[in-house]
Amino acid sequence: MPRTPAPLTQTPEWKALEVHARELRATHLRGLFRADPARGERLTVNALGIYFDYSKHRVNDETLKLLTGLAQASGLRDAIDAMFSGEKINFTEDRAVLHTALRAPKDAVVMVDGENVVPQVHAVLDKMETFARKVRGGDWKGHTGRTIKNIVNIGIGGSDLGPVMAYEALKAYSQRALNFRFVSNIDGTDFAEAVIDLNPEETLFIVASKTFTTLETMTNANSARDWALQALKDPAAIARHFVAVSTNADAVARFGIDTANMFGFWDWVGGRYSMCSAIGLSTMLAIGPKNFRAMLAGFHEMDEHFRTAPFERNLPVLMGLLGLWYNNFFDAQTIAVLPYEQYLKRFPAYLQQLTMESNGKRVTLDGKPVDYQTGPVYWGEPGTNGQHSFYQLIHQGTKLIPCDFIAFTRPAHKLGRHHDLLMANVFAQAEALAFGKTAEELEKEGVKDWLIPHKTFEGNRPSTTMLLDELTPAALGKLVALYEHSVFTQGAVWRVGPFDQWGVELGKVLAGRIAPELESKAEPELKHDTSTNALIRRYRRNK
Ligand code: F6P
């Protein structure tokens, strides 16, 4: 049972932040920059190839001291040690939380229930590597002897979002002769469109599911098996065209996949923290074992930084605390993630599960309702597209939306002026948000009086700019681990458990009850609320 300390909002650290926030709410970033000419370089951390500029946040040295003090008082240091050492910190499921062990070097020792798990991790990585080399080298043939050209990953949530995000992010490193598709939605359109132009003789399915019971994934996997067998006829073909990634060997065998073609992982890997496990098989097939291992090394570097760096220079801790600052002391409801890198187009979607399934909680670990806000809504789009869509609201709307800008010095594709212009935009947006444009400046420019309120930019809108050299596999690993650990930091302060997700269960149970009511030949007796009953009747009448 976790300890029951004084309520968070009654702690001296929280109360001091409340008082301090009153002062900072009345301060403009213009004033903060004017008062400290070194601010733009001082409030930065340059670590692991990430230049993390947090100077455009509504903070000063005192804020940082108070926030890191809150983290200390919240037991973050012990919580980090507990996670890394394999303690069962996923309290409601009685599990260790060891995604960090998935990227630990071979000689590391991480004990779970008296056993060092690192050798198992590397055994699976080696098995993935052998398989990836065969497929990438054209040696893994389909049932009719044809070379595999298409890889279809079937999974959902963490068994989809990580793989698809990483595939898109690292496309520049991928083997272009292989064609990758990702199917997640139970909507038949997703599967139908994914295979519409594929030849079953040249297609390999990866059924990725930690539990191997998830309705969406199993429905899609069954349709994939039917689709393959319709063309290949022989049930023996399944062994050449289906592999599984799962923790549930029995269910994999029951589905008809040879467990020799199964890549395992463990209950101490959460779905949304699983992209470094065998769930990353499609990533390894795309970018190759060497690049995959480079990505793992990037993750590991950030793990070590998080584990050892002092809080005030610790990137995930700073990111987590800055998010918490606005969430709890400025009433901000959301955080926008704005990568100025087209390859990161799925990064915001990936972060939505990571952050919102983790910290979307309303009770503390000891089951008490919180009286403060927990996880914010994460959302975003790659720049510059968002600028022509929702940035208006960020600049001049009534909501405070802290932004994470992510940019790279060197482009993946050198093309005329494109990269300089892209970078000009990311720097300009952060500048405009922070400093805005005053009525006096507009007056001086001769703007008509009546137009001035419309053209005024209040500014004082906070953002972090993360500048990296290049989007390499290692850089991606560092970025993802940065967000993973920032979520952990916030969870520790909010006293919630970031590693379970009971909130997704009720809908699953109700769907299980409703499905037979939609499919039954006889008129079912409906016992839902009147709205749900009417919707079901209408659907049955018109389908
Ligand atoms: O329903 C939520 C969830 O449990 C996620 O946490 C998980 O990533 C996803 O479903 C998929 O689960 P599985 O890998 O077991 O199919």
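In listed order, ligands and their atoms are each counted from 1.
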Asker: Are the side chains of Ser282 and Phe182 in touch, meaning some heavy atoms are under 4.5 Å apart?
Answerer: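 In contact.
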Asker: Verify side chain to side chain contact (heavy atoms under 4.5 Å, CB included) between Leu198 and Asn179, making sure each step is shown before the conclusion.
Answerer: CA-CA 9 Å; Leu198 304 186; Asn179 179 21; 3.5 Å; yes
Asker: Should the pair Arg225 and Phe242 be classed as cation-pi, given the thresholds of under 6.0 Å to the six-membered ring centre and 45° from the axis?
Answerer: no
Asker: For each nitrogen or oxygen atom of ligand 1, which protein N/O atoms lie closer than 3.5 Å, and how far apart are they, rounded to 0.1 Å?
Answerer:
residue, atom, partner, partner atom, Å
ligand 1, 1 (O), Lys508, NZ, 3.1
ligand 1, 6 (O), Glu357, OE1, 2.8
ligand 1, 8 (O), Gly158, N, 2.8
ligand 1, 8 (O), Gln353, NE2, 3.2
ligand 1, 14 (O), Ser159, OG, 2.6
ligand 1, 14 (O), Lys210, N, 2.7
ligand 1, 15 (O), Ser209, OG, 3.4
ligand 1, 15 (O), Lys210, N, 3.3
ligand 1, 15 (O), Thr211, N, 2.9
ligand 1, 15 (O), Thr211, OG1, 2.6
ligand 1, 15 (O), Thr214, OG1, 3.4
ligand 1, 16 (O), Ser209, OG, 2.6
ligand 1, 16 (O), Thr214, OG1, 2.5

Asker: Determine yes or no for a side-chain-to-main-chain donor-acceptor pair under 3.5 angstrom, with Thr247 supplying the side chain and Lys210 the backbone.
Answerer: yes
Asker: Is it the case that atom CZ in Arg176 sees more than 12 heavy atoms from other parts of the structure closer than 6.0 Å?
Answerer: yes
Asker: Which word best sums up how the rings of Tyr483 and Tyr378 line up, parallel for under 30°, tilted for 30 to 60°, or perpendicular for over 60°?
Answerer: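 Aromatic pair Tyr483/Tyr378 classed perpendicular.
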